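Notes follow once the structure below has been shown.
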Amino acid sequence: MNKIYNHKEVEEKIYKKWEDSGSFKPEVNPNGQPYSIILPPPNANAPLHFGHAMYVVEDILVRFRRMMGHATLWLPGTDHAGFETQFVFERELQREGKSRFDYDREKLYQMIWDFVESNRGEMEKQLKSLGFSLDWDRMRFTLDPEIIKIVYKTFKKLYDDELIYRDLKLINFCTHDGTSFSDLEVKHIEQKDPLYYMRYGPFSLATVRPETKFGDTAVAVHPDDKRYKKYIGKEIEFESLIGRVKLKVIGDSAVDPEFGTGVVKVTPSHDFNDFEMGKRHNLPMRQVIGFDGRLTSLTGKYKGLKVAEARRIVSEDLKKEGLLEKIDERYTHTVATCYKCGRVLEPLPLEQWFVKVKPLADAALNAIKKGEIKFIPKRFEKTASTWLENFHDWNISRQLVWGIRIPAWKCKDCSKWTVTEGMVPEQCPNCKSKELVQDTDTFDTWFSSGQWPYATLLSQSRISNFQLPISNEDINISQDFKKFYPTSVMETGYDILPWWVVRMIMLGIYETGKVPFKTVYLHGLVRDQKGKKMSKSRGNVINPIDMAEKYSADAVRMALIFGASAGNDLSLSEDKIRGMRNFTNKIWNIARFIDLKRETRNPKLEIRNNLTIEQLSNLATTQTDKEMIKLVEELVKRTTKHIEKFELNLAAEGLYEFMWHEFADKYIENVKGRLDKDSYIIVNTLYLILLRLLHPFMPFITEEIFGKFSGNNSLLITEKWPKAE
RNA sequence: GGACUUGUAGCUCAGUGGUAGAGCGCUUCAUUGACAUUGAAGAGGUCAGAGGUUCGAUACCUCUCAGGUCCACCA
């Protein structure tokens with residue numbers, strides 16, 4: 001054996017051995033109790049970062065269960081990540097001086113498809129290089145035809161149950177990226193903007209958005225406001241920038257008499273409060289900002305101006321006309337921005353498909369309350385519940401081409417919508433017209449990924465081309481679904497709890513009647529050595545794959561687990577990874593010691609595997625040996641308990657400490673001078689037990705050494721987990 | 001405005017109702033056969049502050065101070 005462990009000669013070879021032997025498949029333990037984890041699907045187009053490397057938590061759980069004899073499934077997949085991917089792709093286009101408007105829908109979709117396709121292999125390679133024992137034959141992509149069919153089926157079912165409706169509401173719209181969002185994608189930031197006090201007939205009123213004044217359809221005051229009570233119900237008339245205006249004065253308790261002058265202009269098309277007020281008072285809508293972010297023809301000479309310019313020009317014109325009384329320059333408030341491009345979002349009126357969340361959320365809450373889902377750490381149970389209690393209806397329409405197109409058709413003649421499970425309807429069920437046009441929108445990515453646990457398992461049914469609609473028999477045929485649903489654990493970062501975890505619970509219960517997973521384990525975010533968030537702009541990003549190449553995958557894995565408790569952010573440094581690399585070398589050199597002794601002794605010593613603790617105890621003659629056996633026995637118990645309780649950091653720390661400072665520093669030193677046939681067997685057997693315990697954490701090096709020692713072709717990955725009697 | 005969360009050795013963090021741990025760093029010494037990607041010894045912390053519960057608190061409760069994150073329709 002080499003003096004130093006060389007992971008580069010080992011990792012690829014070992015991974016291939018595992019894969020070729022079918023060890024990643026649940027079928028290696030055909031009679032075991034099922035244990036399943038669905039991999040949170042990474043974006044198909046993006047390279048892996050350290051967040052993805054945290055999947056090591058899942059690999060540890062899965063390897064542990066496999067050694068425990070469970071029929072263990074870890075199912076890989078990738079996400080088309082609608083908006084994220086289209087956003088990245090458009091930036092690529094921009095670099096070439098092009099934009100999405102240069103292509104038609106089909107062409108653009110194909111181009112993004114090719115773009116994603118060209119990146120997908122890379123991601124798979126990276127996951128493998130970290131040693132993840134995923135069953136690649138069961139790999140799924142959110143745009144696989146089988147998955148799409150299931151997503152359609154869910155949509156139709158929700159629609160039939162009246163849990164999906166189409167409505168004209170104000171939605172948050174990014175005029176740059178050209179799509180609407182759900183509430184979750186909106187990032188609120190605090191900002192300083194001028195507050196303009198404008199003259200409106202007899203009133204003065206304050207607003208940050210003078211450019212929307214052309215969309216006003218009323219003026220509102222508080223119903224009890226003595227100053228203005230007499231105006232309520234009356235109409236005011238005054239000269240504005242584009243002619244004479246007549247506005248109704250309404251009384252509405254949403255108006256805060258303390259703010260500004262206590263008078264508000266009401267613009268139902270461009271403000272959420274005003275929209276609600278408009279509904280209460282039956283006010284007309286006047287859309288003065290278009291989806292391109294420019295003022296519409298309702299604004300007269302201001303038509304075509306972008307919002308920011310319009311604000312400047314309108315306020316200047318108001319000033320010229322003497323309609324601007326003052327400007328408060330120190331006004332701060334929060335504005336809604338696009339979480340992706342950072343631009344201010346426009347509330348715009350648009351018809352969209354919405355999920356009626358309340359019934360789904362109530363069912364999810366109920367399941368959580370009943371303890372059907374366990375959260376680790378526990379505090380996230382409250383977080384999830386709070387989200388479920390406060391969800392607004394979920395806008396699932398996106399004005400993107402990259403995604404699953406919504407299976408809804410509008411009749412040109414009677415305007416009624418027809419929703420199907422994906423088939424093109426032949427005629428309008430309402431008026432029999434054949435003129436039907438499909439909605440151009442696609443689903444919010446989270447609508448499909450929210451169905452991931454059951455969709456991935458159902459789609460494993462071996463009927464290759466089931467027809468639409470999917471029958472319940474087809475679904476029943478999926479052995480994987482029967483066997484592995486609900487899955488055992490969902491492991492992901494706490495940052496996507498509301499986006500993903502909560503929605504999986506809602507949709508999972510709705511579609512299958514069962515929770516999608518029994519335990520949710522939420523890991524923290526990986527930060528740099530100073531605890532700062534890793535980001536490209538900070539330049540502090542460490543690439544897990546580079547680190548694995550430099551220090552071994554095992555070292556990277558161990559560094560991610562060691563000292564990192566569930567739900568808390570973890571700060572990672574190259575020093576830490578190097579420290580773990582040193583540990584791999586320590587493990588290696590214990591093996592080397594054992595190996596050298598065997599070779600140099602005459603007669604040659606013998607390496608034994610599969611002796612029980614009890615058999616070992618019978619061999620032991622010295623006190624030290626006896627104590628060591630006892631200590632290992634305790635370590636087995638401790639480690640097992642820690643992993644079962646998801647305390648992976650404690651398990652890892654215990655193993656590290658024991659292997660290095662007990663086994664190597666003390667025991668090996670002690671035994672060095674007195675090795676005989678029996679004590680040698682004790683040393684190597686204990687060592688092999690330690691290798692088993694370490695295997696889930698550091699699979700490559702332990703497998704490599706096990707291969708050298710075990711003599712036959714058995715693999716550590718499917719060896720039995722040591723049991724303390 | 002609300003919710004959650006953190007404050008433990010120089011740095012990054014574990015941990016526990018019984019007078020504190022790890023990794024990295026630091027000091028001194030050792031070392032030609034398992035390993036310098038090493039070993040031995042060591043320095044270093046009134047576990048943010050105040051009060052309470054307790055025989056006993058760093059750990060449980062309350063408050064204060066200081067960070068962080070997320071949510072929130074105030075024009």
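Quick caveat, the model's predicted, so the values are computed rather than measured. Sequence lines set the chain letters: A, B, ... in the order given, protein chains first and strands last, and positions in each chain run from 1.
For A/Ile4, counting side-chain heavy atoms from C-beta on, the closest listed nucleotide (B/U37, B/C35, B/G39) is B/U37. Nearest nucleotide to the side chain of A/Asp575, out of B/A34, B/C74, B/C24: B/C24.
The separation of B/A59 from B/C47, taken at their C1' atoms, amounts to 9 Å, rounded to a whole angstrom. With both ends at atom C1', the span from B/C65 to B/U53 equals 23 Å, rounded to whole Å. Rounded to whole Å, the P atom of B/A3 lies 49 Å from the corresponding atom of B/U38.
With hydrogens and angles left out, the side chain of A/Lys3 and the base of B/A34 share no donor-acceptor pair within 3.5 Å. In terms of polar N and O atoms assigned as donor or acceptor, the side chain of A/Asn273 comes within less than 3.5 Å of the base of B/C73 in a complementary pairing. In the interface, the side chain of A/Glu669 is paired with the base of B/A34 through a donor and an acceptor atom under 3.5 Å apart. Within 3.5 Å, a donor on the side chain of A/Lys586 pairs with an acceptor on the base of B/C35, or the reverse.
Under a 4.0 Å N-O distance rule, the pair A/Asp393/A/Lys356 does not qualify as a salt bridge.
Without hydrogens or angle criteria, A/Trp588 side chain to A/Asn2 main chain gives a donor-acceptor distance under 3.5 Å.
Taking side-chain N and O atoms only, A/Ser565 has a distance below 4.0 Å to OP1 or OP2 of B/A14. Within the 4.0 Å cut-off from OP1 or OP2 of B/A22, not a single side-chain nitrogen or oxygen of A/His661 is found.
Atom NZ of A/Lys248 is surrounded by 12 or fewer heavy atoms from other residues, nucleotides or ligands within 6.0 Å.
For B/C11, the paired nucleotide is B/G23, the pair qualifying as Watson-Crick or G-U wobble because both relevant distances are below 3.5 Å.
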